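Data block below; observations after.
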Amino acid sequence: MNRTEVAALLAYAVRLDLRLTPESQADADERLDQWYELLADVPPTAPHPDGRDWNAALVVKHHIASSPYRIQPSDISRPWHTFKADTIGRHTDPVPPVNPDDAKAYRAALAGTRHAVATGQAAPAVWRELTGGSTREERDEFAAARLAAIGSRAGGTYVPRDVAEKLTPWRRTRAQRERLAAAGKPDPLNVPCPWEPCRAAAGKPCQQGSKRRTDRADPHPARVSAATVQHHAQGAAA
């Protein structure tokens with residue numbers, strides 16, 4: 001902040017806390033000198049990639065509202081340096097718009113960008129390919145789009161929805177279970193089959209045949225009933 005900005009911030013603090021009112025013009029000038037010396041490298045506002053932007057006036061307001069002690073310039077500079085360290089830690093150097101063969105100009109461009117971030121003149125740059133954007137809203141939208149494209153998890157591997165649809169003829173059991181889950185209906189394979197000759201474990205298809213056992217296309221009626229009872233019980237508990 002320049003001297004005028006520091007004077008405005010100090011006047012704001014005095015307006016919120018009359019205990020800070022100077023007794024004379026000499027006291028006011030001395031306090032302004034002190035505040036300016038400690039806050040010259042603190043900007044009045046600065047952007048943050050998560051939307052938690054820096055605002056020196058809000059820091060003053062928060063301190064006066066929450067602390068019984070009179071505000072000191074260090075109560076503003078300390079939070080700023082914490083904020084600055086966080087933003088610099090999130091910064092990823094973008095490729096400067098200069099010829100990389102010109103080493104001096106390239107380094108100067110990088111230094112200029114870093115200085116702008118460190119002084120609050122620019123938000124830290126992040127790679128959209130890695131995070132989906134520089135704000136929380138952009139990253140949330142990016143993550144939702146990626147999860148929608150990835151689809152569901154099957155056997156430890158995420159399968160995109162369009163691929164899952166094409167595989168339906170070869171994975172009828174899983175496709176049916178996914179349809180039941182999407183519709184909020186009971187899934188018989190969530191419970192073991194209670195029919196004595198079958199006794200298929202949860203997640204496994206019902207069996208048929210006494211000597212050479214094979215998978216049944218449909219679960220036994222007793223298993224359907226058991227799954228329905230469990231489904232309704234879980235719904236009532238929720």
Side-chain angles (χ1 to χ4, degrees), residues 1-16 28-64 66 71-151 157-158 160 162-163:
M1 285 182 278
N2 58 39
R3 193 175 181 85
T4 300
E5 291 169 331
V6 173
L9 186 66
L10 179 55
Y12 176 66
V14 172
R15 181 164 65 86
L16 296 183
D29 292 341
E30 182 179 357
R31 182 178 298 168
L32 178 57
D33 290 341
Q34 179 197 35
W35 277 54
Y36 178 63
E37 184 172 355
L38 288 174
L39 300 180
D41 63 340
V42 177
T45 60
H48 190 279
D50 283 345
R52 297 180 287 108
D53 297 345
W54 166 263
N55 189 311
L58 292 181
V59 174
V60 170
K61 181 179 179 181
H62 175 73
H63 179 90
I64 293 176
S66 61
I71 190 169
Q72 302 295 326
S74 58
D75 294 322
I76 304 168
S77 62
R78 279 196 297 266
W80 159 249
H81 288 296
T82 300
F83 178 95
K84 181 174 73 171
D86 179 62
T87 54
I88 292 176
R90 296 167 182 262
H91 178 65
T92 304
D93 287 321
V95 178
V98 298
N99 185 352
D101 292 332
D102 187 343
K104 184 176 181 180
Y106 194 87
R107 288 195 297 268
L110 287 176
T113 301
R114 294 170 185 170
H115 178 74
V117 172
T119 55
Q121 301 175 50
V126 295
W127 291 112
R128 293 187 60 87
E129 292 83 359
L130 297 178
T131 66
S134 58
T135 67
R136 181 177 298 174
E137 289 76 14
E138 289 177 341
R139 290 196 290 275
D140 288 345
E141 292 177 2
F142 176 81
R146 290 299 304 145
L147 288 174
I150 289 173
T157 304
Y158 283 96
D162 58 338
V163 175

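Since the model is a prediction, treat every value here as computed from it, not as a measurement.
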Where is the tightest heavy-atom contact between [X] and [Y], given as atom of each residue plus distance?
| X | Y | value |
| --- | --- | --- |
| W80 | D41 | NE1-O, 3.5 Å |
| A13 | V60 | CB-CG1, 3.8 Å |
| F83 | R52 | CE1-O, 3.2 Å |
| V59 | P79 | CG1-CG, 4.3 Å |
| P43 | W54 | O-NE1, 2.8 Å |
| Y12 | A57 | CE2-O, 3.5 Å |

Please round to the nearest 0.5 Å and tell me the distance separating atom [atom1] of [X] and atom [atom2] of [Y].
| X | Y | atom1 | atom2 | result |
| --- | --- | --- | --- | --- |
| R107 | D102 | CZ | CG | 9.0 Å |
| L32 | E30 | CG | CD | 11.0 Å |
| S77 | Q72 | OG | CD | 10.5 Å |
| N55 | H62 | CG | NE2 | 13.5 Å |
| I64 | I71 | CD1 | CD1 | 5.0 Å |

| message | Under a 3.5 Å distance rule, please check whether E5 uses its side chain to pair with a backbone N or O of N2 as donor and acceptor. | response | yes

Sequence neighbours excluded, the answer for side chain to side chain donor-acceptor pair (under 3.5 Å) partners of D29 is Q25

Residues passing the side chain to side chain donor-acceptor pair (under 3.5 Å) test with R3, sequence neighbours excluded, are D33

request  = Using a cut-off of 6.0 Å, state whether more than 12 heavy atoms not belonging to H81 lie near its atom NE2.
outcome  = yes

For the residue pair L38 and I76, establish whether any side-chain heavy-atom pair is separated by less than 4.5 Å. no

